[in-house]
Engineer: 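Structure provided below as structure tokens; questions to follow.
Numbering of ligands and ligand atoms starts at 1, following listing order.
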Amino acid sequence: MNTKPLIAANWKMHGNAALAHALAQFTAQKAASLGNAAPEVVLCPPALLIPIVKESLTAAEGRHVGLGGQDCSPHAEGAFTGDISAAMLKDAGCEYVILGHSERRAGHGETSAQVAEKMKTAISSGLTPILCVGETLDQREAGGAEKAVERQLRESLAGLSGEQAAGSVVAYEPVWAIGSGLTPNAADIGAMHAHLAGVLKELAGAPPRVLYGGSVKASNAREILAISGVSGALVGGASLKAEEFGAILSACA
Ligand code: PGA
């Protein structure tokens, strides 16, 4: 298993060609400047910007920075207007794909059963899924956070072999922490990661990497990354600001 922290940038529906180029160039240079202390870095731009980011990363010739998509179709190909297949992401140079993000679960009605289908297609296309799971504020306040997240995890990994589950990446992202500036305290993050590690050990044998996501920024990255069981971060808003993102990468060193 890769022991380097993994920092994945989820740009969501932000950016344009100029920003994509600038951020990719900055990230490659920043990762190179950190040398062996650099984490594994993955940029997940909107699909249209993937070729621009790829070209900029290649031209920058810095340390390897990976690319990921933000979603993919559960289908290999066909009459699915507007969708993007896992094979297309792979062909465009992606190594990863974010799946089951809460914005897709909430805004597009994605169920864990659909996410499980996407997981299978992504893996068979040679991509590593970053599977997002997380509780709502209501679930946390009712004391049901661990149960809710465990259920999402089990349902989203259904149908994968232990080896496939172990080779995936999981991101614990409390829905109420995303884009809100709020984060759970370190004890709560640690407790959820310990709980998920137990479930993943049962499902996958060798547990996959589990990231934390939700309002990670320069000022809290070091503390969050030091929590036992946290193998990296999925970063939204702060990944669009070069200085903030650079500081998060430095916090891994
Ligand atoms: P945020 O988003 O860092 O802006 O909270 C994280 C995510 O949605 O992956």
Engineer: Give the atoms of ligand 1, by number and element, whose distance to some non-hydrogen atom of L234 is under 4.0 Å.
Structural biologist: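 Near L234, the atoms of ligand 1 are 9 (O).
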Engineer: Non-hydrogen atoms of A238 versus ligand 1: any pair closer than 4.0 Å?
Structural biologist: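 Flag not set, A238 not near ligand 1.
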Engineer: Would you confirm whether S102, through its side chain, and R105, through its main-chain N or O, come within 3.5 Å as a donor-acceptor pair?
Structural biologist: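 No; zero donor-acceptor contacts below 3.5 Å.
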Engineer: State whether the shortest distance between N or O atoms of S180 and N or O atoms of ligand 1 falls below 3.5 angstrom.
Structural biologist: no
Engineer: What protein heavy atom is closest to atom 3 (O) of ligand 1, reported as residue, atom name and distance in Å?
Structural biologist: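 Scanning the protein heavy atoms, the shortest distance from atom 3 (O) of ligand 1 goes to G236 N, 2.8 Å.
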Engineer: Could you tell me which atoms of ligand 1, counted from 1 in the order shown, lie closer than 4.0 angstrom to a heavy atom of H101?
Structural biologist: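 Checking each atom against H101, I get 7 (C), 8 (O), 9 (O).
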Engineer: Can you tell me which residue pairs pass the ring pair (Phe, Tyr, Trp, His ring centres under 6.0 Å) test with a partner in residues 38-83, sequence neighbours excluded?
Structural biologist: H75-F80
Engineer: Atoms of ligand 1 less than 4.0 Å from E173 heavy atoms?
Structural biologist: 6 (C), 7 (C), 8 (O), 9 (O)
Engineer: Would you please name every residue forming a side-chain contact (heavy atoms from CB on, under 4.5 Å) with R154, sequence neighbours left out?
Structural biologist: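 In terms of side-chain contact (heavy atoms from CB on, under 4.5 Å), with neighbours along the sequence ignored, R154 is linked to E150, V199, E202, L203.
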Engineer: For ligand 1 and G179, I'd like to know whether there is a polar contact (N/O to N/O, distance under 3.5 Å).
Structural biologist: yes
Engineer: Give a yes or no on this: more than 12 heavy atoms of other residues, nucleotides or ligands lie within 6.0 Å of atom CG of N185.
Structural biologist: yes
Engineer: Applying a heavy-atom cut-off of 4.0 Å, say which part of I178 lies close to ligand 1: side chain, backbone, both or neither.
Structural biologist: both
Engineer: Kindly check if the number of other-residue, nucleotide or ligand heavy atoms within 6.0 Å of CG (L182) is above 12?
Structural biologist: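 Enclosed: over 12 neighbouring heavy atoms sit under 6.0 Å from CG of L182.
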Engineer: Which atoms of ligand 1 sit under 4.0 Å from any heavy atom of G237?
Structural biologist: 1 (P), 3 (O), 4 (O)
Engineer: Does a donor on one side chain sit under 3.5 Å from an acceptor on the other, for R209 and S168?
Structural biologist: no
Engineer: Residue-level breakdown please: for A177 versus ligand 1, do any non-hydrogen atoms fall below 4.0 Å on the side chain, on the backbone, on both, or on neither?
Structural biologist: backbone
Engineer: Please report the C-alpha distance between E135 and W176 in whole Å, then the side-chain angles of each, then the deciding distance to 0.1 Å, and finally whether the side chain to side chain donor-acceptor pair (under 3.5 Å) criterion is met.
Structural biologist: CA-CA 8 Å; E135 82 283 0; W176 53 274; 3.1 Å; yes
Engineer: Around atom CZ of R151, are there more than 12 heavy atoms from other residues, nucleotides or ligands closer than 6.0 Å?
Structural biologist: no
Engineer: Is the backbone N or O of D138 less than 3.5 Å from a side-chain atom of E141, with the two atoms forming a donor-acceptor pair by type?
Structural biologist: no
Engineer: Counting each atom of ligand 1 from 1 as listed, which ones have a heavy atom of G214 under 4.0 Å away?
Structural biologist: 5 (O)
Engineer: Quick one: look at K12 and ligand 1, take heavy-atom pairs under 4.0 Å, and tell me if it's side chain, backbone, both or neither.
Structural biologist: side chain
Engineer: Should G213 be listed as contacting ligand 1, given a heavy-atom distance under 4.0 Å as the test?
Structural biologist: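 G213: no contact with ligand 1 (<4.0 Å).
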